[in-house]
Asks: 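Have a look at this one before I ask anything.
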Amino acid sequence: MLEVLYSSGIRVSELVDLTFADIDLQEGVLRVTGKGRKERLTPIGSQAIRALHKYFEMRSAAFPPGAPQPEKVFLNKHGQSLSTRSVRRKLDKYLQEAGLDPGISPHTLRHSFATHLLNNGADLRSVQELLGHQSLSTTQVYTHLTTSRVKQVYDQAHPRAHGASIQHPSNPGENYYPAKAG
């Protein structure tokens, strides 16, 4: 569940609505029904595909052979579809077990997805499409994080990024530029 959220950037409501018909593990894509009942395809990575294969094995073992299986992908311990609240509780449980920040939410995984794509060169329009945003301005929220990352990389990598390399003349008539070697 968590691998799918991070790998695809889908909303929690989209995750709990996933059916088996929405998943193509061969192609590595999900068909997601987003806000306004708009459908989109979104890729998932190899880690999420492996996690889903493992989950499907465990899930099918929980049902008697030949018994009909629910259409929804993610189920609770009673075999019923998970709610968005259940996803949050499961995430909280795993965060506590791992000793991680309890303030991390399922939506944080969506933010991380978008930020990591932008930090690694994805264009804003592609990220907009993957997130299912109607407006580009909604997606632009993620660019301030990317801008700070770019600034950090610049500060670390550029020899003149820090004030130490800037020399100011002590008197205004002094030349800023060193004399050319003859």
Side-chain angles (χ1 to χ4, degrees), residues 1-60 62 69-77 79-98 100-149:
M1 204 173 48
L2 300 178
E3 284 288 350
V4 170
L5 280 173
Y6 173 66
S7 181
S8 64
I10 62 176
R11 298 173 181 93
V12 179
S13 59
E14 296 167 341
L15 176 88
V16 299
D17 283 343
L18 284 176
T19 66
F20 281 100
D22 296 328
I23 299 175
D24 184 341
L25 294 179
Q26 286 295 111
E27 293 296 320
V29 294
L30 305 175
R31 186 180 63 234
V32 178
T33 304
K35 290 184 175 182
R37 307 303 298 161
K38 289 186 73 175
E39 282 191 4
R40 70 183 188 281
L41 293 178
T42 186
I44 55 172
S46 60
Q47 297 280 44
I49 292 170
R50 274 195 290 281
L52 282 169
H53 277 295
K54 192 182 282 189
Y55 171 72
F56 292 154
E57 284 176 25
M58 292 184 333
R59 183 190 143 130
S60 64
Q69 291 205 18
E71 191 178 302
K72 299 285 182 166
V73 172
F74 295 105
L75 306 175
N76 63 22
K77 63 185 174 187
Q80 298 180 349
S81 181
L82 277 180
S83 67
T84 57
R85 191 176 179 126
S86 297
V87 173
R88 176 59 198 239
R89 281 195 300 267
K90 288 199 172 294
L91 176 59
D92 288 345
K93 175 186 156 199
Y94 294 127
L95 290 170
Q96 185 177 15
E97 286 176 9
L100 295 173
D101 179 3
I104 295 172
S105 69
H107 199 74
T108 305
L109 297 175
R110 184 170 161 85
H111 274 273
S112 297
F113 165 83
T115 302
H116 292 155
L117 285 175
L118 290 167
N119 281 345
N120 288 294
D123 65 278
L124 199 56
R125 291 245 183 243
S126 296
V127 175
Q128 174 190 6
E129 181 70 25
L130 290 168
L131 292 174
H133 287 161
Q134 289 278 47
S135 165
L136 191 60
S137 63
T138 308
T139 311
Q140 286 175 322
V141 167
Y142 301 100
T143 60
H144 81 279
L145 300 170
T146 303
T147 303
S148 65
R149 173 71 180 132

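All values reported here derive from a predicted model rather than from experimental measurement.
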Asks: Atom CD in Gln128, atom CG in Leu124: separation rounded to 0.5 Å?
Replies: 7.0 Å
Asks: Looking only at heavy atoms, what is the nearest atom pair of Phe74 and Leu15, with distance?
Replies: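 Distance-wise, the nearest heavy atoms are CE1-CD1, 3.5 Å.
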Asks: Using every non-hydrogen atom in the two residues, find where Glu14 and Lys35 come nearest and quote the distance to one decimal.
Replies: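 For Glu14 versus Lys35, the nearest heavy atoms are OE2-N, 4.3 Å.
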Asks: Check this for me: Gln69, atom CD, are more than 12 non-hydrogen atoms of other residues, nucleotides or ligands nearer than 6.0 Å?
Replies: yes
Asks: Taking C-beta and beyond as the side chain, do Thr108 and Asp101 meet within less than 4.5 Å on heavy atoms?
Replies: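 Not touching, per the 4.5 Å side-chain cut-off.
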Asks: Answer yes or no: is there a donor N or O on one side and an acceptor on the other, between the side chain of Thr115 and the main chain of Ser112, under 3.5 Å?
Replies: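 Answer holds: no.
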Asks: Can you name the closest pair of heavy atoms from Pro106 and Leu91 and give their distance?
Replies: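 Closest heavy-atom pair between Pro106 and Leu91: N-CD2, 3.3 Å.
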Asks: Kindly indicate whether the side chain of Val127, heavy atoms from C-beta on, has any atom under 4.5 Å from the side chain of Leu118.
Replies: yes
Asks: Please report the closest heavy-atom contact between Leu109 and Tyr6, naming both atoms and the distance.
Replies: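 Minimum heavy-atom separation between Leu109 and Tyr6: O-CD1, 3.9 Å.
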Asks: Is the number of heavy atoms from other residues, nucleotides or ligands under 6.0 Å of Glu27 CD greater than 12?
Replies: no
Asks: About how many Å separate CZ of Phe20 and CZ of Phe56, when rounded to the nearest 0.5 Å?
Replies: 5.0 Å
Asks: Any donor-acceptor pair under 3.5 Å linking the side chain of Arg59 with the backbone of Leu75?
Replies: no
Asks: Taking all atoms of both residues into account, what is the closest heavy-atom pair of Glu39 and Arg31, and its distance?
Replies: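 Where Glu39 meets Arg31 most closely, the heavy atoms are OE1-CD, 3.1 Å.
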Asks: Which heavy atom of Ser7 sits nearest a heavy atom of Gly45, and at what distance?
Replies: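 That would be OG-N, 2.5 Å.
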Asks: Taking the side chain as every heavy atom from C-beta outward, state whether Ser105 and Arg88 have any atom pair closer than 4.5 Å.
Replies: yes
Asks: Under a 4.0 Å N-O cut-off, is there an ion pair linking Lys54 with Glu3?
Replies: no
Asks: Can you find a heavy atom in the side chain of Asn76 that is under 4.5 Å from one in the side chain of Ser86?
Replies: no
Asks: Would you check if the side chain of Arg110 reaches a backbone N or O of Leu131 as a donor-acceptor pair within less than 3.5 Å?
Replies: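 Flag set: sc Arg110 to bb Leu131 pair under 3.5 Å.
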Asks: So, taking the atom named CG in Asp17 and the one named CD in Glu71, what distance separates them when rounded to the nearest 0.5 Å?
Replies: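 Interatomic distance, Asp17 CG to Glu71 CD, rounded to 0.5 Å: 10.5 Å.
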Asks: Just how far is it from atom CD of Glu129 to atom CG of Leu41, taken to the nearest 0.5 Å?
Replies: 9.0 Å
Asks: Donor-acceptor pair, Asp22 side chain versus Thr19 backbone, under 3.5 Å?
Replies: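 The answer is yes, because a donor-acceptor pair under 3.5 Å joins these two groups.
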Asks: Spell out, as yes or no, whether a donor-acceptor pair under 3.5 Å connects the side chain of Ser60 to the backbone of Glu57.
Replies: yes
Asks: Determine, stepwise, if the pair Val29 / Ile44 fulfils side chain to side chain contact (heavy atoms under 4.5 Å, CB included).
Replies: CA-CA 6 Å; Val29 294; Ile44 55 172; over 6 Å; no
Asks: Just verifying a value: how many Å separate Arg40 CZ and Thr33 OG1, rounded to the nearest 0.5 Å?
Replies: 9.0 Å
Asks: Could you list the residues that satisfy side-chain contact (heavy atoms from CB on, under 4.5 Å) with Leu130, not counting sequence neighbours?
Replies: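 Listed in chain order: Thr42, Pro43, Phe113, Leu117.
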Asks: Heavy atoms, side chains only, cut-off 4.5 Å: are Val4 and Leu30 in contact?
Replies: yes
Asks: Does atom NZ of Lys72 have more than 12 heavy-atom neighbours, drawn from other residues, nucleotides or ligands, at distances under 6.0 Å?
Replies: yes
Asks: Measuring from atom OG of Ser46 to atom CG of Leu25, what distance do you get when rounded to the nearest 0.5 angstrom?
Replies: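 With rounding to 0.5 Å, OG (Ser46) is 12.0 Å from CG (Leu25).
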